[in-house]
Each structure stands twice: as C-alpha cells, then as structure tokens.
Amino acid sequence: MRIAVVGGGIAGLTTALALARVGLHSIVYEAVHDPKPLGVGINLLPHAVRELTEMDLLGELEAIGVPIDALVYRMADGREVWREPRGLAAGYHWPQIAIHRGRFQSLLRSRVQRELGADAIRDGHTLASFRQHADAVELEFVDRAFGRPVATVEADGVVGADGIHSAVRRQLYPHEGLPKWNGISLFRGTTLLPARSAATQMSWTGHSRQKFVGYPIAIEPTGEILFNWICDLATADPGSKPREDWNRRIDPTAWIDRYSGWVWDGVDVVEIVRRTAAVFEFPMIDRDPLPRWTHGRVSLVGDAAHPMYPIGSNGATQSIIDARVLAFHLATAPDPNTAFIRYEQERRENTSRIVLMNRAHGPDKVLEIANARCGASDELDAVFSYQERAEIAAAYKRTAGFDPAVLNSRPSYSVPQR
Ligand SMILES: Cc1cc2nc3c(=O)[nH]c(=O)nc-3n(C[C@H](O)[C@H](O)[C@H](O)COP(=O)(O)OP(=O)(O)OC[C@H]3O[C@@H](n4cnc5c(N)ncnc54)[C@H](O)[C@@H]3O)c2cc1C
C-alpha cells in the first residue's frame with residue numbers, strides 16, 4: 001500500500017512512525033525545505049505518552065523533556081483555585097512530559113529517517129492539489145520557495161497532516177475560509193532560569209482575558225531550566241480576522257506592566273518576560289468541527305482535522321492518538337477506505353467535543369467561575385465548592401480521553417507486525 005502523508009509536523013511524522021510499526025511504508029511530504037526546530041512549549045499528556053512509549057520513544061522523550069507532576073490554577077492575587085497531581089504522580093502508568101515543540105519535531109524526524117530511510121521525508125514539497133481516481137490518488141506538489149512544480153505522485157491512500165491551514169482540507173471544503181479567532185492573543189516565549197528555580201509543574205493564573213501560563217520544558221546541560229511561558233490577553237473583538245504567523249516577533253513593552261505583582265513560587269512574570277530574548281504573538285484560533293474527514297482514499301489527522309484552542313494541552317496529544325488509531329485500522333481493515341472510515345468513526349466525534357469544550361474554556365473554566373463568583377474577601381470554598389471544581393477537571397479528562405482509570409486499562413492500539 002502506497003501512503004502519502006502530507007505535512008511533516010507532529011501529526012504527520014507520528015503517522016509515518018505508527019504506520020511503520022504495522023509494516024506499512026509511507027512517504028511524508030513537507031512544504032518547508034529545511035525545517036528548523038520552531039515553536040515553544042507543548043505538553044504531551046499521558047494518553048499521548050502511552051502511544052509514544054508503545055512506539056519505543058519514551059527514553060528519547062525523557063532525555064529532552066521534563067516530567068510534569070502537578071497542575072495549579074490561581075487567581076491573579078495568588079489565591080489557589082485548583083491543584084491536582086499530574087502524570088505518574090496522578091496514578092497514570094505513563095508520565096506527562098513538557099517539551100520544546102521544535103526539539104520534539106526534530107526527534108520525530110530523525111526517528112522517521114532512521115526507521116524508514118532518509119528518502120521517507122521529502123522536504124520542499126507543498127501539496128498544491130490532488131485528484132481521486134477509482135484505484136489511486138494523484139497528488140501535485142510544488143516548491144513554494146521557487147514557485148515551480150516538483151512532483152506528481154500516485155498513492156493508494158492520502159493522510160492530510162498539514163496543520164490548521166491544510167491544503168487537503170481546503171480542497172475538501174473549499175468554502176471554509178479562515179480559522180476563527182476569539183480575540184485573545186497569545187504572547188509566548190522561553191527564558192532560561194537558574195537550576196532548580198522552578199517546580200516541575202504547570203501553573204495557570206488569571207482568567208481568559210488576562211492569563212499567565214508557565215512550565216519548564218527542558219533542563220539544559222548547564223542545569224539551567226528552559227521555562228516556557230504564555231501571556232494571554234484580549235486584544236480584539238471575538239470573530240476578528242486573525243493574524244497567525246507563529247514567528248511574528250513582538251515587543252512586550254506595551255502590555256508587560258499589566259502583570260506587575262504577579263509573583264508566586266519563585267516565578268515573577270514581569271521579570272521572566274523581560275529576560276526573554278524573543279517574544280512571539282499568535283492568535284487563539286480554531287475551526288468548526290467537520291461533518292466528515294474521510295473522502296474516498298483521503299482523510300485528515302491532527303490540526304488539519306480538528307484544530308483547537310491551546311487550552312487543556314491537547315493539540316499535539318490528540319494528533320498522536322489520531323496517528324496510532326489510523327495505523328491500527330489501516331493494519332486491520334480490508335482496504336484504505338474502510339480503514340479511514342473506521343478511524344474517523346473512532347476519532348471525529350471525540351475530538352469535535354474537545355474543540356467545543358475548549359471554546360468554553362475547557363479545564364480553565366475553574367478560573368472563569370472563581371473570578372466571577374469570588375470577591376476579594378470571599379472564601380473560595382463558600383462560593384465554589386471543591387466538588388464542583390473536581391467535576392470540571394474530571395469531565396475534561398473523560399472527554400479528552402485521559403481519565404486515569406480508563407486510560408490505564410484500555411486495550412493498546414499496537415498490532416503485531418505483518
Ligand atoms: C512552525 C510551528 C510552530 C508551532 N509552535 C507551537 C507552539 O509553540 N506551541 C504549541 O502548542 N503549538 C505549536 N504549533 C502547533 C502544534 O505543533 C500543533 O497544534 C500540533 O502539534 C498538531 O500538529 P500537526 O502536525 O497537526 O500540525 P502542524 O504542527 O501545524 O504541522 C503541519 C505541517 O505541515 C506542513 N504543511 C503545511 N501545509 C503544507 C502543504 N500544503 N504541503 C505539505 N506540507 C504542508 C507544515 O509546514 C508543518 O510542518 C506550531 C506549529 C507550527 C507549524
């Protein structure tokens with residue numbers, strides 16, 4: 001079976017590795033010529049780490065990432081709203097790992113090249129269009145750096161893993177238009193902190209219109225901590241036209257003072273942002289869930305299928321699960337179309353629910369409610385019970401597929417090699 005994976009991000013590369021595990025060779029077509037380790041921090045939740053562990057990647061992940069053992073939500077005045085253990089500390093059989101997105105992508109690229117051969121990733125191949133025939137799909141690639149055609153390829157199945165601006169999705173849904181923006185900008189960066197100066201926890205402070213998120217993503221050879229941070233600020237009306245270049249550098253001077261006094265657990269937001277060499281801006285965008293991913297021999301994975309707000313740390317995680325579920329069905333179904341349909345049946349509604357739940361603040365809802373109900377002199381427990389907070393956290397885990405008991409006991413997606 002000839003499988004073309006369009007896009008060499010986390011979803012595409014994991015798909016290639018997952019397919020290789022079931023004896024299926026694929027070729028990954030990536031638009032960029034010489035991908036650099038771009039992006040800042042992402043979290044790999046235990047349901048993704050389970051899949052990566054079952055593909056023998058845990059050791060390499062642990063070498064470059066940081067195991068996270070707690071999650072803390074606070075109001076801007078420092079009052080704690082919710083705290084829960086994470087990863088192994090929460091009883092999962094697999095850790096939660098915070099990691100630099102670009103370093104993780106580089107790790108996946110070298111694994112694909114090692115396992116499938118250097119030729120398995122074709123850089124500089126931007127999908128321009130595809131045509132479905134009865135027994136194959138024909139794909140046209142261009143080199144967008146030079147604006148010329150580079151290849152016409154035939155495949156038995158096509159996996160669109162080309163991110164939130166997917167060309168595959170655009171051809172399937174030509175009238176969809178731009179992603180949707182809720183008017184929140186995410187200002188992001190990484191800062192080196194002295195060794196042992198930050199706990200291995202994720203901390204979320206504030207509310208949806210002004211928030212700070214921070215967590216460590218690497219321990220450098222010097223022992224220093226590479227700390228990932230995000231300042232969420234309302235900068236436009238919901239529904240405004242988004243700007244969405246991950247590499248748009250900005251000067252934080254205009255807004256940094258709004259965070260003065262935000263200091264807890266040794267983290268001083270103003271200090272951290274001021275020490276950051278490069279600050280990037282990205283709008284909080286997603287797309288409406290699709291009624292269908294699979295069209296004949298073509299289907300979608302990752303952000304091409306279900307782009308979601310970066311709330312609840314599920315973007316990369318759900319892409320990794322897509323890859324494994326798709327490989328499972330391609331290995332066990334009689335033909336690619338049946339496999340794609342089974343894959344979609346298992347994944348589409350689940351991920352659509354996460355997209356919608358993230359629009360309603362996902363697990364961060366505890367901050368919205370605490371801020372709405374709790375005046376400066378109120379006791380949190382009196383206005384927002386522990387039980388209610390616990391149910392918000394648990395409901396999100398059930399929807400996103402990482403309820404500890406369910407995850408620890410569900411069958412594996414591994415299938416014996418052919
Ligand atoms: C440069 C970059 C930086 C990012 N930084 C962060 C971050 O800091 N934090 C965070 O939480 N998330 C970040 N993300 C998003 C995050 O990687 C995804 O939400 C998640 O990992 C799901 O990944 P994906 O593989 O589905 O999509 P993506 O990671 O977007 O990967 C899609 C890939 O497809 C390629 N591509 C696009 N169009 C075409 C085409 N027509 N033909 C061939 N290839 C194509 C892209 O170059 C890219 O490599 C970033 C994404 C990118 C592309």
Side-chain angles (χ1 to χ4, degrees), residues 4-17 27-45 48 98-106 108-109 112 121-130 139-145 150-151 153 158-171 179 186-190 202 213 215 217 226 228-230 232 244-248 278-287 293 300-323 326 351 354-355 358:
V5 177
V6 180
I10 289 166
L13 295 166
T14 314
T15 298
L17 287 174
I27 295 188
V28 177
Y29 297 92
E30 166 55 47
V32 174
H33 263 283
D34 177 20
K36 302 275 183 302
L38 295 176
V40 285
I42 57 171
N43 260 276
L44 301 174
L45 299 183
I99 203 162
H100 187 287
R101 177 202 175 269
R103 294 181 190 178
F104 178 45
Q105 187 183 11
S106 302
L108 292 172
R109 273 178 70 86
V112 169
I121 304 179
R122 310 271 165 93
D123 290 332
H125 282 61
T126 301
L127 180 78
S129 63
F130 63 85
L139 302 109
E140 296 286 344
F141 291 96
V142 297
D143 181 335
R144 71 180 175 201
V150 272
V153 169
V158 174
V159 181
D162 46 348
I164 191 164
H165 305 297
S166 169
V168 179
R169 178 171 172 143
R170 193 164 51 244
Q171 186 165 333
L186 307 171
F187 299 100
R188 321 181 53 137
T190 55
M202 299 197 289
V213 177
Y215 51 88
I217 53 171
L226 187 63
N228 174 75
W229 61 262
I230 308 155
D232 296 20
E244 47 199 302
D245 178 2
W246 279 103
N247 302 312
R248 208 174 91 86
V279 178
F280 299 94
E281 181 184 0
F282 185 79
M284 193 183 284
I285 48 176
D286 69 3
R287 289 182 182 277
W293 291 348
L300 302 169
V301 294
D303 280 5
H306 46 66
M308 57 184 72
Y309 291 162
I311 284 177
S313 313
N314 262 282
T317 286
Q318 296 298 329
S319 309
I320 290 162
I321 296 166
D322 290 347
L326 178 61
T351 50
I354 307 171
V355 171
N358 284 2

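Values reported hereafter were calculated over all heavy atoms of this structure, with side chains retained and with hydrogens, waters and symmetry mates removed. These numbers come from a predicted model, not from an experiment. Start at 1 and go down the list; that is how both ligands and their atoms are numbered.
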Requested in this report: Would you check whether Gly41 reaches within less than 4.0 Å of ligand 1, judged by its heavy atoms?
Outcome: yes
Requested in this report: Could you check if a side-chain atom of Arg248 sits within less than 4.5 angstrom of a side-chain atom of Pro283, using non-hydrogen atoms only?
Outcome: no
Query raised in the report: Are any of the N/O atoms in Gly302 less than 3.5 Å from those in ligand 1?
Result: no
Requested in this report: Consider every N or O of Leu127 and every N or O of ligand 1, then say whether any pair is closer than 3.5 Å.
Outcome: yes
**Report entry** Region of Val32 that comes within reach of ligand 1 [heavy atoms, distance under 4.0 Å]
**Finding:** side chain
**Report entry** Location of contacts on Ala161 toward ligand 1, heavy atoms closer than 4.0 Å
**Finding:** backbone
Report task. Could you check whether the rings of Tyr29 and Phe141 sit parallel, tilted or perpendicular, using 30° and 60° as the cut-offs? Result -> parallel
Query raised in the report: Do ligand 1 and Arg144 have nitrogen or oxygen atoms that lie under 3.5 Å from each other?
Result: no
Query raised in the report: With a 4.0 Å heavy-atom cut-off (strictly under), which part of Tyr29 contacts ligand 1: side chain, backbone, both or neither?
Result: backbone
Report summary line: Of all heavy-atom pairs linking Ile10 and Ala316, the shortest is CD1-CB, 4.3 Å
Query raised in the report: Does any non-hydrogen side-chain atom of Trp229 lie less than 4.5 Å from one of Arg188?
Result: no
Query raised in the report: Is any N or O atom of Ala304, backbone or side chain, closer than 3.5 Å to an N or O atom of ligand 1?
Result: no
Query raised in the report: How many angstroms lie between atom CD1 of Ile230 and atom CE of Met284, to the nearest 0.5 angstrom?
Result: 8.5 Å
Query raised in the report: If hydrogens are left out, which of Ile164, Ile217, Leu300, Val40 has an atom nearest to atom 8 (O) of ligand 1, that is, the closest non-hydrogen atom?
Result: Val40
Query raised in the report: Is there a heavy atom of Arg188 sitting under 4.0 angstrom from any atom of ligand 1?
Result: yes
Query raised in the report: Taking all atoms of both residues into account, what is the closest heavy-atom pair of Thr351 and Met308, and its distance?
Result: O-CE, 4.5 Å
Requested in this report: Heavy atoms only: give me the nearest Glu30-Pro35 pair and the separation to one decimal.
Outcome: CG-CG, 4.2 Å
Query raised in the report: Using heavy atoms and a threshold below 4.0 Å, how should the contact between Ile42 and ligand 1 be classified: side chain, backbone, both, or neither?
Result: side chain
Query - Heteroatom proximity flag, Thr126 to ligand 1, N/O under 3.5 Å - result: no
Query - Residue from Arg109, Arg144, Lys36 passing salt bridge (charged side-chain N to carboxylate O under 4.0 Å, His left out) with Asp123 - result: Arg109
Query raised in the report: Does the side-chain hydrogen bond (donor to acceptor under 3.5 Å, both in side chains) test come out yes or no for Asp303 and His165, once each step is laid out?
Result: CA-CA 8 Å; Asp303 280 5; His165 305 297; over 6 Å; no
**Report entry** Pro310 to ligand 1, any heavy atom closer than 4.0 Å
**Finding:** no
Query raised in the report: Purely on distance, is any nitrogen or oxygen of Gly12 under 3.5 Å from one on ligand 1?
Result: no
Report task. Examine ligand 1 and decide if any of its atoms is less than 4.0 Å from a heavy atom belonging to Gln318. Result -> no
Query raised in the report: Under a 4.0 Å heavy-atom limit, does Ser319 contact ligand 1 with its side chain, its backbone, both, or neither?
Result: side chain
Report summary line: For Arg169 and Pro307 the tightest heavy-atom approach is NH1-CD, 3.6 Å
